[in-house]
Amino acid sequence: QAQLSESGGGLVQPGDSLRLSCAGSGRSFATKAMGWFRQAPGKEREFVAAISAVEGRTDYAESVKGRFTVSRINNKNTVYLQMDNLKPEDTAVYYCARNRGPLPTMTESDFVTWGRGTQVTVST
């Protein structure tokens, strides 16, 4: 069964950068779109970014466009989320997820496998 494991979270100051990594297992990794979601305290989980299985098609939430970049290296079964110019409102647990299909979507129910999350805290 495919599994996902996030890493790279931490405590940073506003304006700093972080890169999250998500390591996947299973032979289907390269055939499925991948996504990042986040959940802040007291809020529902929300879409952040997604990338297609191949060709590098991406989608982003409006709140992170121009600051976050999603990428993947299929032969390493890894997807990344580069987060620049971080803001306090980016504080959340960030989850990596695998889509049921090859194209990026923003709908949480399209993602069938989830990691356990990594905490990102942006604070002075």
Side-chain angles (χ1 to χ4, degrees):
Q1 185 175 356
Q3 293 184 334
L4 301 171
S5 179
E6 304 93 338
S7 62
L11 171 63
V12 297
Q13 295 186 343
D16 285 352
S17 296
L18 273 178
R19 188 177 78 158
L20 306 183
S21 300
C22 173
S25 63
R27 289 179 291 179
S28 67
F29 182 90
T31 66
K32 306 299 183 184
M34 297 294 295
W36 288 94
F37 289 75
R38 66 186 182 186
Q39 187 168 21
K43 296 187 177 181
E44 294 187 352
R45 189 159 57 186
E46 64 176 3
F47 170 80
V48 175
I51 185 167
S52 61
V54 294
E55 299 181 350
R57 290 175 56 181
T58 57
D59 277 320
Y60 295 95
E62 286 296 325
S63 60
V64 306
K65 277 184 180 179
R67 300 189 298 122
F68 290 13
T69 304
V70 59
S71 61
R72 65 190 295 165
I73 301 178
N74 283 340
N75 62 13
K76 293 186 176 182
N77 277 16
T78 303
V79 63
Y80 303 96
L81 184 68
Q82 176 67 39
M83 305 186 295
D84 297 320
N85 190 22
L86 282 160
K87 303 176 180 180
E89 52 263 42
D90 295 318
T91 295
V93 176
Y94 283 70
Y95 298 90
C96 171
R98 182 175 66 96
N99 200 292
R100 68 178 73 250
L103 298 178
T105 66
M106 300 182 180
T107 305
E108 188 170 327
S109 60
D110 289 338
F111 292 83
V112 297
T113 304
W114 294 80
R116 293 188 174 186
T118 185
Q119 176 70 46
V120 172
T121 304
V122 185
S123 175
T124 56

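Just so it is clear, the structure is predicted and the values come from calculations on it, not from any experiment. Side-chain atoms are counted along with the backbone in the values below, which use heavy atoms only and exclude waters and symmetry mates.
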Exercise: identify the closest heavy-atom pair between [X] and [Y]:
| X | Y | result |
| --- | --- | --- |
| L81 | Y94 | CD2-CD2, 4.1 Å |
| L86 | M83 | CD2-CB, 3.8 Å |
| T124 | P14 | CG2-CD, 3.7 Å |
| F29 | N74 | CE2-OD1, 3.7 Å |
| P104 | A50 | CB-CB, 3.8 Å |

- [ ] Please lay out, stage by stage, how S5 and Q3 fare under the test side chain to side chain donor-acceptor pair (under 3.5 Å).
- [x] CA-CA 7 Å; S5 179; Q3 293 184 334; over 6 Å; no
TODO: Calculate, to the nearest 0.5 Å, the distance between atoms CH2 and CZ belonging to W114 and R45 respectively.
DONE: 4.0 Å
Task: Approximate separation, where rounding is to 0.5 Å, of C22 SG and R72 CZ - done: 9.5 Å
Task: Neighbour count above 12 (heavy atom, 6.0 Å) for E44 CD - done: no
State yes or no: do [X] and [Y] share one hydrophobic cluster built from I, L, V, M, F, W and Y residues joined by side-chain heavy-atom distances below 4.5 Å, directly or via other members?
| X | Y | value |
| --- | --- | --- |
| I51 | Y60 | yes |
| F47 | V64 | no |
| Y95 | V70 | no |
| M106 | L103 | no |
| W36 | M34 | yes |

Task: Sole residue of T31, T105, T113 in side chain to side chain donor-acceptor pair (under 3.5 Å) with N99 - done: T105
Task: Among T118, D90, T91, the one residue meeting side chain to side chain donor-acceptor pair (under 3.5 Å) with R38 - done: D90
TODO: Check whether any side-chain heavy atom of R98 lies under 4.5 Å from a side-chain heavy atom of V112, and answer yes or no.
DONE: yes
Open item on the list: In the structure I gave you, are the side-chain heavy atoms of Y80 and I73 within less than 4.5 Å of one another anywhere?
Closed with: yes
Task: Test applied, side chain to side chain contact (heavy atoms under 4.5 Å, CB included); reference residue, L20; option that passes from V79, V48, V120 - done: V120
- [ ] Decide, yes or no, whether a salt bridge links E6 with R116 under the criterion of side-chain N to carboxylate O below 4.0 Å.
- [x] no
